[in-house]
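These notes concern the structure reproduced below.
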Amino acid sequence: MPHYTPPLRDMQFVLHELFNVVEQLKLLPKHAEIDAGTVNAVLEEGGKFAAEVLAPLNQAGDEQGCTLDQGTHEVTAPAGFKEAYAKFIEGGWPALSADPAFGGQGLPILLNQCLYEMLNSANQAWTMYPGLSHGAYECLHAHGTEEQKSLYLPRLTSGKWTGTMCLTESHCGTDLGLLRTKAEPQPDGSYKLTGQKIFISAGEHDLAENIVHLVLARLPDAPQGSKGISLFVVPKFLPKADGSLGARNPIFCTGLEHKMGIHGNATAQLNLDGATGWLVGEPNKGLPAMFVMMNAARLGVGNQSLGLTEVAYQNAAAYAKERIQMRSLSGPKAKDKPADPIIVHPDVRKMLLTARAFAEGGRALSIHIALLIDTYLATDDDEERKNAEDEVALLTPIVKAFLTDNAWLATSHCLQVFGGHGYIREWGMEQFVRDARINMIYEGTNTIQSLDLLGRKVLADNGAKLKKFGKRIQAFVEGEGVNEAMQEFVNPLADLGDKVTKLTTELGMKAFGNADEVGAAAVDYLRVLGHLTFAYFWACMAKEALARKDSGDPFYAAKLATARFYFAKLLPETAALIRSARAGLQPLMEMDEALF
């Protein structure tokens, strides 16, 4: 069975040495009392829960899966999941970063981000049950009525109730303008919803006493397309005025998807047969309201992949140091053994370092964006809030798509390190690969994220958000330009920044002539920007490691070695990506579709 050790040392490096988060948070009145001791204590306890409670359930939960009783429409999660969730609630973990007005602890989002990285490493399928509740909480917090907030938020905050997002229908995935679920207004101000939803993660289960479904549907007089979508809160059990549970609402699970991975999470087909719901936000404005939950989910999916990258790396590295196979090409290294540990072989090291570089770079990006969210939620400075919001908007599709692409590569590499054993279920590596694959698909496929980045986040505002981020990079390059020890990191970062500027301008000009040029280049473009982001954070981490290289702590030597590997072996991918992006639309559209 795979093992998992929470990467607390690297988290503390990113939090306290790279970003100095405590001092930054103390500038925000909401977090003025935060201290490093609290941050570290929360992460240590969260790591224990992940490693000791969740990780032992991961492989068994994958093998057992969820069970649907067709007669009652009730779903039973794998053995141990319900008990683990009860411990999660008992520990107060659902309330960690929630609003104290609704029973939350009010701690920074970045702590919740680190907690969920560890939970995802330990057991992604289980973590999706409480994870989706955060998005429902954020959506209702932003758009719910005062009555809805007082009813639902305390129970979502405590974890007593969980939440879902119900978007997809069998005939429409990303194109939500095609959805058909209908909502009929009732005299008492409620609505009756009728329709079918599919692919609803955590859509039915036995972990919590109630499930709060946020459902997209159409009012009778709604305009066609995405401008005619409204959002409704549809609970599994109808709550009474005091919050106790009343009648069963007719929103039933009619089937569970048979999936490649995340078997421990119930991916439900839901049928609404006149289910009672209440409007959230304004009529026909449901999609903007739901985007609060969707954007939270996209960051969460990136975090899922970060967690899988880390745990796959840990297990592959441990195996590579123990497994003996052949001799080093330069001569025996373990002369007392019949063969050398496979970690002596260069390509094994390349696979391990790829996973490690993706994990540590992803962690820096993930914590950075969480700090930005903490800033715009708590600052009193309008300009600071706007700058933080813009950077979060720019980086969200990168977090979702780049981190999930990287996890697919990293988990596959780590499986490869195990050789034939990696392909065998008992070692657990193939589960990481299967679980990682969904993350590139749901919450908007990575192609959708790429179109969002290039079309909406970059070209739509003439590169204003990208220029702001570019100024952050430029300031770092100028500040370290005279530091001889930093040239191996600063020079390629500056070079890629210039190339991104030129590529963006070129693609913008092409898009004026034919909008399909955006679709032809977007996936390559996102990966280039992902590398630019990682190169910036890896350069920043290298700077901190260089400053402490004589401390005697091997952590900094490992950090520098990984940074050098990233710049030497992974960043050069951008050359091919830029060339591919510039190749444009014609090679994709030249063949007549009848010939496919």
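In what follows, every heavy atom counts, from backbone to side chain, and hydrogens, waters and symmetry copies are set aside. Quick note: residue numbers are just sequence positions, from 1.
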Name the atoms and distances for all side-chain donor-acceptor pairs under 3.5 Å in residues 460-469, with sequence neighbours left out.
residue : atom : partner : partner atom : Å
Asp461  : OD1  : Gly463  : N            : 3.1
Asp461  : OD1  : Ala464  : N            : 3.1
Asp461  : OD2  : Lys465  : N            : 3.2
Asp461  : OD2  : Lys465  : NZ           : 3.1
Lys468  : NZ   : Asn387  : OD1          : 3.0
Lys468  : NZ   : Asp390  : OD2          : 2.6

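- In this structure, Arg298 and Val399 have side chains that are not in contact, with every pair of non-hydrogen atoms separated by 4.5 Å or more.
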- Message: Would Trp93 and Val42 count as a side-chain contact (heavy atoms from CB on, under 4.5 Å) here? Give the steps.
- Response: CA-CA 10 Å; Trp93 296 111; Val42 169; 3.9 Å; yes
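- A 4.5 Å side-chain heavy-atom check between Val39 and Leu111 finds at least one atom pair inside the cut-off.
- You'll find the ring centres of His205 and Tyr85 outside the 6.0 Å limit.
- Taking OG1 of Thr375 as the start and CD of Glu389 as the end, the distance is 11.0 Å to the nearest 0.5 Å.
- For the pair Phe252/Asp273, no side-chain contact is recorded, criterion being any heavy-atom separation below 4.5 Å from C-beta on.
- Within the 3.5 Å criterion, the main-chain N or O of Thr72 finds a donor-acceptor partner in the side chain of Asp69.
- At distances below 3.5 Å, not a single donor-acceptor pair connects side-chain atoms of Glu384 with backbone N or O atoms of Tyr376.
- Leu132 is listed as a side-chain neighbour of Ser201, based on a closest heavy-atom distance under 4.5 Å.
- A donor-acceptor distance shorter than 3.5 angstrom exists from the side chain of Gln186 to the backbone of Glu184, with no hydrogens or angles considered.
- Although no hydrogens or angles enter the test, the distance criterion places a donor-acceptor pair under 3.5 Å between the side chain of Gln148 and the main chain of Thr145.
- The line from CG of Leu119 to OH of Tyr129 is 14.5 Å long, rounded to the nearest 0.5 Å.
- In this structure a side-chain-to-backbone donor-acceptor pair under 3.5 Å is present from His171 to Leu178.
- Between the side chain of Thr181 and the backbone N or O of Gly195, no donor-acceptor pair lies under 3.5 Å.
- Judged by distance alone, the side chains of Lys400 and Asn446 do bring a donor and an acceptor atom under 3.5 Å apart.
- Annotation for Pro185 and Ala183: closest pair CD-O, 3.8 Å, computed over non-hydrogen atoms.
- With no hydrogens or angles considered, a side-chain donor-acceptor pair links Tyr442 and Gln304 at under 3.5 Å.
- In this structure, the side chain of Arg434 engages the main chain of Met260 through a donor-acceptor pair within 3.5 Å.
- Side-chain contact annotation: Thr194 with Lys182, donor-acceptor N/O pair under 3.5 Å absent.
- In this view, Ala125 and Asn123, Ile262, Asn265 satisfy the side-chain contact (heavy atoms from CB on, under 4.5 Å) rule, not counting sequence neighbours.
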- Start with the C-alpha distance between Asp524 and Arg527, add both sets of side-chain angles, then the distance that settles salt bridge (Lys or Arg N to Asp or Glu O under 4.0 Å), and finish with yes or no. CA-CA 5 Å; Asp524 293 330; Arg527 192 148 185 87; over 6 Å; no
- Task: Using the side-chain contact (heavy atoms from CB on, under 4.5 Å) rule, take Leu395 and Ile398 through it: C-alpha gap first, then chi angles, then the decisive distance, then the call.
- Result: CA-CA 5 Å; Leu395 295 179; Ile398 295 174; 4.2 Å; yes
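- A heavy-atom distance below 4.5 Å is found between the side chains of Glu517 and Asn514.
- Note: Tyr152 and Tyr137 fail the aromatic proximity criterion, with ring centroids not under 6.0 Å apart.
- There is a side-chain donor-acceptor pair under 3.5 Å between Asn439 and Gln124.
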- Test side-chain contact (heavy atoms from CB on, under 4.5 Å) applied to Lys26 and Ile34, step by step: CA-CA 7 Å; Lys26 281 185 174 180; Ile34 196 74; 4.1 Å; yes
- Message: Let's go through Glu146 and Lys149 carefully: what are the C-alpha distance in whole Å and the side-chain angles of both, what is the deciding distance for salt bridge (Lys or Arg N to Asp or Glu O under 4.0 Å) to 0.1 Å, and is it a yes or a no?
- Response: CA-CA 5 Å; Glu146 292 305 313; Lys149 291 179 183 179; 3.7 Å; yes
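- Arg248 pairs by the side chain to side chain donor-acceptor pair (under 3.5 Å) definition with nothing, not counting sequence neighbours.
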Please list, one pair per line, the donor and acceptor atoms closer than 3.5 Å that link side chains of residues 210-224 to other protein atoms, with sequence neighbours excluded.
residue : atom : partner : partner atom : Å
Asn210  : OD1  : Lys236  : N            : 3.4
Asn210  : OD1  : Phe237  : N            : 2.8
Asn210  : ND2  : Phe237  : O            : 3.1
His213  : ND1  : Thr164  : OG1          : 2.8
Arg218  : NE   : Leu179  : O            : 2.9
Arg218  : NH1  : Pro223  : O            : 3.1
Arg218  : NH1  : Gly225  : O            : 3.2
Arg218  : NH1  : Gly228  : O            : 3.2
Arg218  : NH2  : Gly177  : O            : 2.4
Arg218  : NH2  : Gly225  : O            : 3.1

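- Counting only N and O atoms by type, the side chains of Thr379 and Asp381 include no donor and acceptor under 3.5 Å apart.
- Between Tyr116 and Thr127, some side-chain heavy-atom pair lies under the 4.5 Å cut-off.
- The closest side-chain heavy-atom distance from Asn295 to Leu299 is not below 4.5 Å.
- Taking the six-membered ring where the residue is Trp, Trp126 and Phe88 present perpendicular rings, their angle passing 60° and hence far from 30°.
- Scanning all heavy atoms of the two residues, the minimum distance from Gly274 to Lys192 falls at O-CD, 3.3 Å.
- Side-chain contact, Lys197 with Thr168: no donor N or O sits under 3.5 Å from an acceptor N or O.
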- Task: Apply the test side-chain contact (heavy atoms from CB on, under 4.5 Å) to residues Leu68 and Cys253: give CA-CA distance (whole Å), side-chain angles for both, the deciding distance (0.1 Å), then the verdict.
- Result: CA-CA 8 Å; Leu68 169 65; Cys253 177; 4.0 Å; yes
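- Applying the ring pair (Phe, Tyr, Trp, His ring centres under 6.0 Å) definition to pairs two or more places apart or across chains, none involves residues 263-289.
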Identify every side-chain donor-acceptor pair in residues 367-374 under 3.5 Å, counting partners at least two apart or on other chains, and give the distances.
residue : atom : partner : partner atom : Å
His368  : NE2  : Glu391  : OE2          : 2.7
Asp374  : OD1  : Ile109  : N            : 2.6
Asp374  : OD2  : Ile109  : N            : 3.1
Asp374  : OD2  : Leu110  : N            : 3.1

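- The side-chain heavy atoms of Tyr525 and Leu529, taken from C-beta on, include a pair separated by under 4.5 Å.
- Looking at Thr404, its side chain never comes within 3.5 Å of a backbone N or O of Ser305 through a donor-acceptor pair.
- With no hydrogens or angles considered, no side-chain donor-acceptor pair links Asn303 and Arg363 at under 3.5 Å.
- When all heavy atoms of Pro94 and Ser158 are compared, the pair lying nearest together is CG-O, 3.7 Å.
- Residues Ala98 and Thr157 approach most closely at CB-CG2, 3.7 Å, considering heavy atoms.
- The shortest non-hydrogen separation linking Ser133 to Leu156 is CB-CD2, 4.5 Å.
- Closest non-hydrogen pair, Gly203 versus Leu270, comes out as O-CD2, 4.0 Å.
- Side chains of Gln196 and Glu169: a donor-acceptor N/O pair is absent below 3.5 angstrom, by distance only.
- Ser366 places no side-chain N or O within donor-acceptor distance of the main-chain N or O of Gly362, the cut-off being under 3.5 Å.
- Between the side chain of Asn249 and the backbone N or O of Ala275 there is no donor-acceptor pair closer than 3.5 Å.
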